[in-house]
Amino acid sequence: MKRAVLTVPMLAMLLYCLLPLVWLFFSATKTNAGLFDSFGLWFADDFALVDNVRQVFAYQDGVYGRWFLNTVLYAVAGAGGATVIAALGGYALAKYDFPGSRVLFAVVLGAITVPTTALAVPTFLLFTRLGLVNTPWAVLIPALASPFGLYLMRVYAADAVPTSMMEAARLDGAGELRIFLSISLRLLRPGLVTVLLFTLVATWNNYFLPLIVLSDPAWYPLTVGLNQWNSQAGSAAGGQAVYNLVLTGSLVAIVPLVVSFLLLQRYWQSGLSAGAVK
């Protein structure tokens, strides 16, 4: 009975999460006519997934490929940089006592409570003065700031890196940089992967800030570019509506995130089991 009480809500949550993905997959296999003439959660008479993918990368002179590469650039550089900064800052706040550390950590906690959308307009005005609007830097620089990632690394480093191990390394003559690179980073790996995935997903799905700071379609990420296609989906574009391209492009856009999670989840598993047996 207890198992059923716990299992039924979990199955309902699983269905709630998977149903949109299932609908998106089936929709990406249909033509525009099939989207409206068939059941949403099953295939149409004409299986057009391969043709839809080909059209996505050929439409408007292949601009989707450019948007895809832009998104990869923003996500990899932004998430990687944010993870490095969070690791350094969180480790310093957790393992070193210096003047202002408590105040700095309080500022980080306060920054977590500020919605990112509330900072979009001030960021735009600042980058306008700096001449960075309509450049990749307008998307990359804000992506490097991850208050939640810094907070997460601070909390994780406080318990994951034993102070006694650091003191033993100092007695052996190791410097602080060597301790961090040779010892602490290995222990922080599950936390680093967690921050990396959080920031990767946030940057990959970032929409509002690129919409404001970018006006050249050549620098659009997938989120803004697909929304541009969606806005014209109701009109004729070259004699053909583009609903199928929007859906297929959305399906292709989530594949890298799924692959990234599958490749990195083993580090989570290793982190959960570390220290379970002494």
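Starting from 1, each residue takes its place in the sequence as its number. The analysis underlying the following values was restricted to heavy atoms, covering all of them including side chains, and did not include hydrogens, waters or symmetry mates.
Atom CG of Asp216 sits in a crowded spot, with more than 12 heavy atoms from other residues, nucleotides or ligands closer than 6.0 Å. Heavy atoms from other residues, nucleotides or ligands lying under 6.0 Å from OH of Tyr16 number 12 at most. For CG of Asp45, the number of neighbouring non-hydrogen atoms (other residues, nucleotides, ligands) closer than 6.0 Å is 12 at most.
Taking all atoms of both residues into account, the shortest heavy-atom contact from Pro162 to Leu187 is CD-CD1, 3.9 Å. Closest heavy-atom contact between Ala157 and Gly90: CB-O, 4.4 Å. Between Pro256 and Phe68 the shortest heavy-atom distance is CG-CZ, 3.6 Å. Contact between Ala86 and Val195 at its shortest, heavy atoms only, is CB-CG1, 4.2 Å. Among all heavy-atom pairs drawn from Ala160 and Leu188, the shortest one is CB-CD2, 4.4 Å. Scanning both residues, Ala92 and Phe98, for their nearest heavy atoms gives O-CE2, 3.8 Å.
In this structure, the side chain of Trp204 engages the main chain of Ala253 through a donor-acceptor pair within 3.5 Å. Asn70 contributes no side-chain N or O that, together with a main-chain N or O of Pro221, makes up a donor-acceptor pair within less than 3.5 Å. For the pair Thr199 (side chain) and Leu196 (backbone), a donor-acceptor distance under 3.5 Å is present. With hydrogens and angles disregarded, no donor-acceptor distance shorter than 3.5 Å links the side chain of Arg129 to the backbone of Leu125. Here the side chain of Ser182 pairs no donor or acceptor atom with the backbone of Ile179 at under 3.5 angstrom. Judged by distance alone, with hydrogens and angles left aside, the side-chain atoms of Tyr151 form no donor-acceptor pair with the main-chain N or O of Ile112 at under 3.5 Å. Here the side chain of Asn52 pairs a donor or acceptor atom with the backbone of Lys30 at under 3.5 angstrom. Formation of a donor-acceptor pair under 3.5 Å by the Asn205 side chain with backbone atoms of Val201 is found in this model. Checking side-chain atoms of Thr71 against main-chain N and O of Leu222 turns up a donor-acceptor pair under 3.5 Å.
Residues Tyr96 and Ile85 are members of separate hydrophobic clusters, defined by side-chain heavy-atom contacts under 4.5 angstrom among Ile, Leu, Val, Met, Phe, Trp and Tyr. Each of Phe261 and Val255 belongs to its own hydrophobic cluster when Ile, Leu, Val, Met, Phe, Trp and Tyr are linked at side-chain heavy-atom distances under 4.5 angstrom. Note on Leu119 and Ile141: separate hydrophobic clusters, where clusters join Ile, Leu, Val, Met, Phe, Trp and Tyr whose side-chain heavy atoms are under 4.5 Å apart, directly or indirectly. Under a hydrophobic clustering in which Ile, Leu, Val, Met, Phe, Trp and Tyr are joined whenever their side-chain heavy atoms come within less than 4.5 Å, directly or via other members, Val107 and Leu152 fall into different clusters. Under the 4.5 Å side-chain heavy-atom criterion for ILVMFWY residues, no single connected hydrophobic cluster contains both Leu18 and Leu11.
Between Trp42 and the options Phe26, Phe25, Trp23, a ring-ring contact (aromatic ring centres under 6.0 Å, His included) holds for only Phe26. The only option from Thr135, Val224, Val139 that meets the side chain to side chain contact (heavy atoms under 4.5 Å, CB included) definition with Leu214 turns out to be Val139.
Considering only heavy atoms from C-beta on, Asn206 stays 4.5 Å or farther from Tyr74 through its side chain. By the 4.5 Å heavy-atom criterion applied to side chains, Leu21 and Leu251 are not counted as neighbours. Taking the side chain as every heavy atom from C-beta outward, Pro142 and Thr116 never approach each other to under 4.5 Å. Taking 4.5 Å as the limit, some side-chain heavy atom of Leu197 sits within range of a side-chain heavy atom of Leu264. A 4.5 Å side-chain heavy-atom check between Arg66 and Trp219 finds at least one atom pair inside the cut-off. Two residues are said to be in side-chain contact when any heavy atoms from C-beta on lie closer than 4.5 Å; Leu126 and Phe124 fail this criterion. Between Tyr156 and Val161 the shortest side-chain heavy-atom distance does not fall below 4.5 Å. You'll find the side chain of Trp229 reaches within 4.5 Å of the side chain of Trp67, heavy atoms only.
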Test side chain to side chain contact (heavy atoms under 4.5 Å, CB included) on Phe47 and Leu49; report intermediate values, then the result.
CA-CA 6 Å; Phe47 187 84; Leu49 178 60; 3.7 Å; yes
Go through the steps to decide whether Leu24 and Ile254 satisfy the test side chain to side chain contact (heavy atoms under 4.5 Å, CB included), and finish with yes or no.
CA-CA 11 Å; Leu24 179 62; Ile254 67 174; 4.2 Å; yes
Please assess Asp46 against Thr31 for the test side chain to side chain donor-acceptor pair (under 3.5 Å), listing each intermediate value before the final yes or no.
CA-CA 7 Å; Asp46 50 349; Thr31 61; 2.9 Å; yes
Could you walk me through whether Tyr91 and Ser184 pass side chain to side chain donor-acceptor pair (under 3.5 Å), step by step?
CA-CA 9 Å; Tyr91 177 77; Ser184 301; 3.1 Å; yes
For Leu73 and Leu69: C-alpha separation, side-chain torsions, deciding distance, then whether side chain to side chain contact (heavy atoms under 4.5 Å, CB included) applies.
CA-CA 6 Å; Leu73 171 64; Leu69 293 177; over 6 Å; no
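A distance of 6.5 Å separates OG1 in Thr248 from CG in Leu245, rounded to the nearest 0.5 Å. Put simply, OG1 on Thr203 and CG on Leu209 are 10.5 Å apart, with the number rounded to the nearest 0.5 Å. In this structure, OG1 in Thr83 is found 10.0 Å from CG in Leu144, a value given to the nearest 0.5 Å. Taking CD1 from Ile212 and OH from Tyr207, the interatomic distance works out to 9.5 Å, rounded to the nearest 0.5 Å. Taken from CZ in Arg102 to CG in Leu93, the straight-line distance is 11.0 Å, to the nearest 0.5 Å. The distance from atom CG of Leu200 to atom OG of Ser260, rounded to the nearest 0.5 Å, is 5.0 Å.
Listed by chain and number, the residues in a side-chain hydrogen bond (donor to acceptor under 3.5 Å, both in side chains) with Arg170 are Glu176 (sequence neighbours excluded). For Phe148, the ring pair (Phe, Tyr, Trp, His ring centres under 6.0 Å) test picks out Phe198, with sequence neighbours left out.
Remark: Arg154 is positioned above the aromatic ring of Phe105, its terminal NZ or CZ atom under 6.0 angstrom from the ring centre and at most 45 degrees off the axis.
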